[in-house]
Chemist: 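Before I ask anything, here is the structure I am working with.
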Amino acid sequence: PTYVQTSAGLFLSESVINYKIGALGSEANVTIDLNNTISGSLNVISINLDSPEFNQTNTCVGAIASNSSCQITLSFNPKTVGLHHAKLQVNSDDVFDQNITMHLVGRGYLADVPLIYADINRSFASGKHQHLFGWGEMDGANGFVSPDYNATNDVNYTARIAKIGLTDIVDMDSGLNHTVLLDKDGDVWTFGTDVNDVGLLGQGNDSNSSTALQISNLHGIIEVAVGNETSYALDENGSVWAWGVNDKNQTGMLGGSFKTPTKIPGLFSILHIDAGHNFAIAIDDIGDVYSWGKSVNGELGTGAIALQHPDEKPTRITQFATILKISVGNTHVLALDKDGDIWAWGSNSNLELGRSGAADGLPTLMSSFGNVVDIEADYLSSFAILDDGTLRSWGSKLRGALGNGISSGSTQTPFTVPVNKIKAVSANYHHVLAVDENGTIHAWGANDAYQVEGLHNSDYLEPFETLFGVPEIETSA
């Protein structure tokens with residue numbers, strides 16, 4: 001048979017992921033060795049690649065002699081921040097294995113600001129020097145003590161930016177009382193307070209920590225997601241690991257709380273994960289969507305409005321489109337399909353599904369308003385980035401979350417936020433961060449803990465170029 005291997009020598013068969021990180025506007029090369037181990041010549045008929053972010057620069061179409069190899073060279077050139085997927089299919093005349101499929105995942109990032117993350121009462125960003133910084137409520141409230149915290153203050157909130165003693169962080173997410181971080185080497189770190197003794201930090205015990213602790217048995221991770229008190233990690237082989245509270249079947253497994261990361265059975269070839277209040281969602285390599293946990297407002301997408309998963313395991317949602325990305329709010333879900341359209345389901349108390357009506361337990365297509373390349377579901381509102389960098393918002397206007405100058409009411413009609421060339425957006429509990437192609441961080445919404453900026457603590461109803469932008473981050477680094 002024919003084998004596909006990376007240049008590093010890792011065996012790759014169907015549904016195994018090759019993971020690459022690349023900066024926007026630059027290329028990261030991927031090389032794949034196609035080895036012929038049969039006694040006769042092998043003819044490669046075609047090589048198909050279904051992604052605009054991955055491109056073939058050298059192909060292997062044609063004959064490969066016995067015990068010889070050919071190297072396929074791909075370039076990863078991400079257009080937007082976040083994970084991107086591609087499927088490479090090699091078609092040959094090998095009677096044993098005519099079609100070989102390899103799945104690639106790449107993470108795009110903006111060189112000036114590789115990461116932004118809006119937490120409930122705080123903000124995080126990293127700069128060119130790869131240090132992670134935070135501002136807002138960073139003094140230990142709810143267990144969020146920043147490692148190497150260097151800001152001094154006499155109240156519960158800080159008006160200063162705090163340098164956190166971690167570098168090369170590419171992804172992060174937070175729950176009620178803990179934070180999970182992923183570094184570029186695929187290692188996972190956690191810190192926070194395990195209020196209910198459920199193993200929040202994944203250390204095998206009920207420990208609390210104000211500094212980040214590495215989870216020793218998690219490696220090769222490409223994405224993390226956090227619900228209230230349950231955490232998830234997606235590895236480069238397409239498996240999902242879970243730990244923390246399990247009273248609503250949030251881990252997708254039977255039993256009580258899991259204090260160390262445990263692989264969820266029944267999930268294979270997963271390319272993307274996200275988590276909400278007491279549930280989680282995953283996408284596999286063919287664009288199918290799986291859900292598990294507890295539904296209160298139809299967030300599992302199975303049709304039922306209120307339902308605790310009867311099988312205590314992930315269930316495939318009836319296929320409705322080929323989905324590339326999901327974003328989960330508190331109890332509503334957005335899904336981006338391959339055509340740049342958005343599907344939405346779950347709670348609709350503030351029109352966050354982009355339509356009128358009550359909660360919806362089935363994925364429903366939103367009215368199109370352009371070619372969408374990224375999505376973000378907030379607590380009660382929703383956001384989408386178009387291919388030209390336009391940012392749209394809809395749902396709850398509470399505390400200025402939509403950036404339209406209004407602090408009350410809701411709208412189902414997407415509003416064009418007055419910012420340009422946006423490459424990434426992060427929103428959490430009426431507080432929004434967005435970064436443009438120049439690395440400028442725009443922030444708006446709730447600011448009671450100085451999470452927008454550190455001079456005033458009144459809400460911002462429109463985007464503000466935060467004081468904690470790239471120049472300050474670079475200087476501090």
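Keep in mind that this is a model prediction, so the values were computed, not measured. Along the sequence shown, the residues carry numbers beginning at 1.
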Chemist: Which salt bridge (charged side-chain N to carboxylate O under 4.0 Å, His left out) pairs, counting each pair once, include a residue from residues 420-445, with sequence neighbours left out?
Modeler: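 As it turns out, there is no salt bridge (charged side-chain N to carboxylate O under 4.0 Å, His left out) pair with a partner in residues 420-445 once direct neighbours are skipped.
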
Chemist: May I have the step-by-step check of side-chain hydrogen bond (donor to acceptor under 3.5 Å, both in side chains) for Asp388 and Thr390, ending in yes or no?
Modeler: CA-CA 6 Å; Asp388 63 358; Thr390 298; 2.9 Å; yes

Chemist: What is the distance from atom CG of Asn196 to atom CG of Asn177, rounded to the nearest 0.5 Å?
Modeler: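 Asn196 atom CG to Asn177 atom CG measures 7.5 Å (nearest 0.5 Å).
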
Chemist: Can you name the residues that form a side-chain contact (heavy atoms from CB on, under 4.5 Å) with Gln412, not counting sequence neighbours?
Modeler: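 Here the qualifying residues are Leu351, Ser356.
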
Chemist: Could you tell me which residues satisfy ring-ring contact (aromatic ring centres under 6.0 Å, His included) with Trp189, sequence neighbours excluded, listed by chain and number?
Modeler: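 Testing Trp189 for ring-ring contact (aromatic ring centres under 6.0 Å, His included), a comparison that skips the adjacent residues, returns none.
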
Chemist: To the nearest 0.5 Å, what is the distance between CG (Asn121) and OG (Ser174)?
Modeler: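 Between Asn121 CG and Ser174 OG, I get 11.0 Å after rounding to 0.5 Å.
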
Chemist: Kindly compute the distance separating CZ (Phe124) from CD1 (Ile116), expressed to the nearest 0.5 Å.
Modeler: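 Answer rounded to 0.5 Å: 13.0 Å.
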
Chemist: Identify the two heavy atoms, one from Val372 and one from Ala384, that lie closest to each other, and give their separation to 0.1 Å.
Modeler: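 Heavy-atom minimum between the residues: CG1-CB, 3.9 Å.
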
Chemist: Any luck finding a side-chain donor-acceptor pair between Ser381 and Ser396 under 3.5 Å?
Modeler: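 On atom types as modelled, these side chains do not qualify, holding no pair under 3.5 Å.
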
Chemist: Verify the distance criterion only: is there a donor paired with an acceptor across the side chains of Asp206 and Gln203 at less than 3.5 Å?
Modeler: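 No.
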
Chemist: Quick one: salt bridge (charged side-chain N to carboxylate O under 4.0 Å, His left out) partners of Asp459, sequence neighbours excluded?
Modeler: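 Applying salt bridge (charged side-chain N to carboxylate O under 4.0 Å, His left out) to Asp459 gives Arg399.
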
Chemist: Using ring-ring contact (aromatic ring centres under 6.0 Å, His included) as the criterion, list what pairs up with His430, not counting sequence neighbours.
Modeler: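 In terms of ring-ring contact (aromatic ring centres under 6.0 Å, His included), with neighbours along the sequence ignored, His430 is linked to Tyr379.
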
Chemist: Any side-chain donor paired with an acceptor under 3.5 Å for Glu299 and His332?
Modeler: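 There is no such pair between these side chains.
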
Chemist: Has Asn447 got a side-chain atom pairing as donor or acceptor with Ser458's backbone, closer than 3.5 angstrom?
Modeler: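 Looks like yes, one N/O pair under 3.5 Å.
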
Chemist: Are Trp394 and Phe369 near enough that their ring centres are under 6.0 Å apart?
Modeler: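 Judged by ring-centre distance (under 6.0 Å), Trp394 and Phe369 do meet the cut-off.
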
Chemist: Could you point out which residue of Leu433, Val435, Ile422, Thr466 forms a side-chain contact (heavy atoms from CB on, under 4.5 Å) with His442?
Modeler: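 Option passing the side-chain contact (heavy atoms from CB on, under 4.5 Å) with His442: Ile422.
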
Chemist: What residues form a side-chain contact (heavy atoms from CB on, under 4.5 Å) with Leu267, not counting sequence neighbours?
Modeler: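 Leu267 satisfies side-chain contact (heavy atoms from CB on, under 4.5 Å) with Val240, Ile264, Ile270, Tyr290, Trp292, Pro314 only.
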
Chemist: Holding to salt bridge (charged side-chain N to carboxylate O under 4.0 Å, His left out), I want the full list of residues that pass it with Asp187, two or more places apart in sequence or in another chain.
Modeler: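 Not a single residue meets the salt bridge (charged side-chain N to carboxylate O under 4.0 Å, His left out) criterion with Asp187.
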
Chemist: Quick one: list whatever passes side-chain contact (heavy atoms from CB on, under 4.5 Å) with Asn208, sequence neighbours left out.
Modeler: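 Partners of Asn208 by the side-chain contact (heavy atoms from CB on, under 4.5 Å) criterion, ordered by chain and then number, come out as Thr193, Asp194.
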
Chemist: Taking side-chain contact (heavy atoms from CB on, under 4.5 Å) as the test, write out the residues that go with Ile120, two or more places apart.
Modeler: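 Result, side-chain contact (heavy atoms from CB on, under 4.5 Å) vs Ile120: Asn428, Tyr429.
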
Chemist: Hey, could you give me each pair passing salt bridge (charged side-chain N to carboxylate O under 4.0 Å, His left out) that has a residue in residues 321-334? Not counting sequence neighbours.
Modeler: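 Found Lys325-Asp374.
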
Chemist: Considering only residues two or more places apart or on different chains, which pairs with a residue in residues 171-180 satisfy salt bridge (charged side-chain N to carboxylate O under 4.0 Å, His left out)?
Modeler: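 As it turns out, the salt bridge (charged side-chain N to carboxylate O under 4.0 Å, His left out) pairs with a partner in residues 171-180, which skip direct neighbours, are Arg107-Asp171.
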
Chemist: Shortest non-hydrogen contact from Lys263 to Met253?
Modeler: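 That would be O-SD, 3.6 Å.
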
Chemist: Of all residues at least two apart in sequence or in a different chain, which pass the salt bridge (charged side-chain N to carboxylate O under 4.0 Å, His left out) check with Asp337?
Modeler: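 By the salt bridge (charged side-chain N to carboxylate O under 4.0 Å, His left out) rule, Asp337 matches no residue at all.
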
Chemist: Should the pair Asp50-Lys87 be classified as a salt bridge under the 4.0 Å nitrogen-to-oxygen rule?
Modeler: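 Looking at Asp50 and Lys87, the cut-off is not met.
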
Chemist: Can Arg355 and Asp360 be counted as an ion pair, charged N to O under 4.0 angstrom?
Modeler: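 A salt bridge links Arg355 with Asp360.
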
Chemist: Which heavy-atom pair separates Pro418 from Gly403 by the least distance, and what is that distance?
Modeler: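 Closest pair (atom of Pro418, atom of Gly403, distance): CD-O, 3.6 Å.
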
Chemist: Establish, from distance only, whether the side-chain atoms of Asn246 and Ser257 form a donor-acceptor pair under 3.5 Å.
Modeler: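 The criterion, which ignores hydrogens and geometry beyond distance, is not satisfied for Ser257 and Asn246.
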
